[in-house]
Amino acid sequence: MRPFTYARPASVDGVHAAQAATGARILAGGTTLYDLMKLDIETPGHLVDVTGIAGLDEISSHQDELIFGALVTMSDAAAHPAVLQRAPVLAESLSKAASQQLRNMATLAGNLLQRTRCAYFRNGPEYPCNKRMSGSGCAARDGLDRGHALFGGSESCIAVYPGDWAVALAALDATVDVRGSRGTRSLPIANLHRLPDDTPHLETVLEPDEMILNIRVPVGRVGQASTYHKIRDRESYAFALVSAAVALELDDGVVRQARIALGGVATRPWRVPAAEAALAGRRLDRAAALEAGRVAFADARPGRHNAFKVALGTEAVADALMIAAERSTNR
């Protein structure tokens, strides 16, 4: 790990002042940043610790939305009664991520902004990686791509966005409030993460001096009948091979509204509106759920080793739909 300086401002304005330092990076839980610093992938010259800012570690429940402060930990959000009651898809996406120790440290905003990465990215200069060194190539293209993307890849990068929380937020049409030196703005979670195209090192649309303040999630009937279904190689502390965040609004078993987002299969959280449309107005049974799963993966572009994700993902979507439907009938 290379030497760095450190500041812990007590206000958002203080963060912007501290970010003026060359090579400054924001630090919250540090569960990804420290790891990549030890691998010499991230080399900030100055760390700006935002954990001393008051008021960003709170969850508030309103009639039409849940509001999460940027510094709320994953474990606190997963256990919050309003989240469990009004949007179980959010609680499950957090409780099924990482380990308990990491969830106790990691913040919600930090989780959203974790680097999109794969084993080739992490293993340094032994392998070409456009995300680490532009123009060097993508080792996964001709290598072991079992865990890589079916959607949203480019010639430059096919690494999968690793988070679960953002996938659940995408299914519920969440919004993030961010603040930078030019003021505050809000943007849909669907617009936060970039596709890799030919600049895979640029992973979000945030400006260098912007930080997330809040995450706003609209809730209602469609949030209550929801689930996050995650398939992985081992039961805990593993990224998704495939995952499905599903939220439903049903009337007597007929789909009035469906939300479906995929994880583990794309370069960013991946909403599938065609699969949602395939369910609209239909009675939801296993056959309809499987059809929606097939539609969700119809445009998949598998590589040499990850075609199994298409069939696995189809079943995962169908299973998630049936779990959410069961929750709808129990409310």
Just wondering, do [Y] and [X] contact through their side chains at under 4.5 Å, heavy atoms?
X    : Y    : answer
E58  : V72  : no
K96  : R232 : yes
D40  : T43  : yes
L36  : R122 : yes
Y120 : R141 : no
L206 : L113 : yes

Salt-bridged, [X] to [Y], with N to O below 4.0 Å?
X    : Y    : value
R216 : D64  : no
D173 : R271 : yes
D164 : K230 : yes
D209 : R179 : no
R327 : E92  : yes

Inset, instruction - Apply side chain to side chain contact (heavy atoms under 4.5 Å, CB included) to L47 and L33, showing your working. - result: CA-CA 10 Å; L47 292 183; L33 181 59; 3.8 Å; yes
[Y] backbone acceptor or donor facing [X] side chain under 3.5 Å:
X    : Y    : answer
R132 : F121 : yes
H193 : L112 : yes
D177 : N214 : no
N130 : G135 : yes
D251 : V254 : no
D145 : H305 : yes
T5   : G45  : yes
Q114 : N111 : yes
R259 : A171 : yes
R294 : A275 : no

Inset, instruction - Mind running side chain to side chain contact (heavy atoms under 4.5 Å, CB included) on T73 and N104 for me, showing each step along the way? - result: CA-CA 6 Å; T73 65; N104 288 343; 6.0 Å; no
Legend entry - Candidates R268, R194, K131 - the one meeting salt bridge (Lys or Arg N to Asp or Glu O under 4.0 Å) with E203: K131
Inset, instruction - List the steps, then state whether side chain to side chain contact (heavy atoms under 4.5 Å, CB included) holds for Y34 with L27. - result: CA-CA 9 Å; Y34 282 150; L27 169 70; 3.3 Å; yes
Inset, instruction - Could you point out which residue of L39, T32, V160 forms a side chain to side chain contact (heavy atoms under 4.5 Å, CB included) with R117? - result: T32
Inset, instruction - Check the angle between the aromatic planes of F151 and W270 and answer parallel, tilted or perpendicular using the 30° and 60° thresholds. - result: parallel
Inset, instruction - Test R185 against E210 for side chain to side chain contact (heavy atoms under 4.5 Å, CB included), laying out the working first. - result: CA-CA 10 Å; R185 63 178 176 135; E210 286 184 317; 2.8 Å; yes
Inset, instruction - Find the distance between OG (S134) and NE2 (H201) and round it off to the nearest 0.5 Å. - result: 6.5 Å
Inset, instruction - Look at atom CD of E235 and say whether more than 12 heavy atoms of other residues, nucleotides or ligands are closer to it than 6.0 Å. - result: no
Legend entry - Neighbour count above 12 (heavy atom, 6.0 Å) for Y237 OH: no
Inset, instruction - Among S93, S243, S95, find the one that has a side-chain hydrogen bond (donor to acceptor under 3.5 Å, both in side chains) with Y228. - result: S243
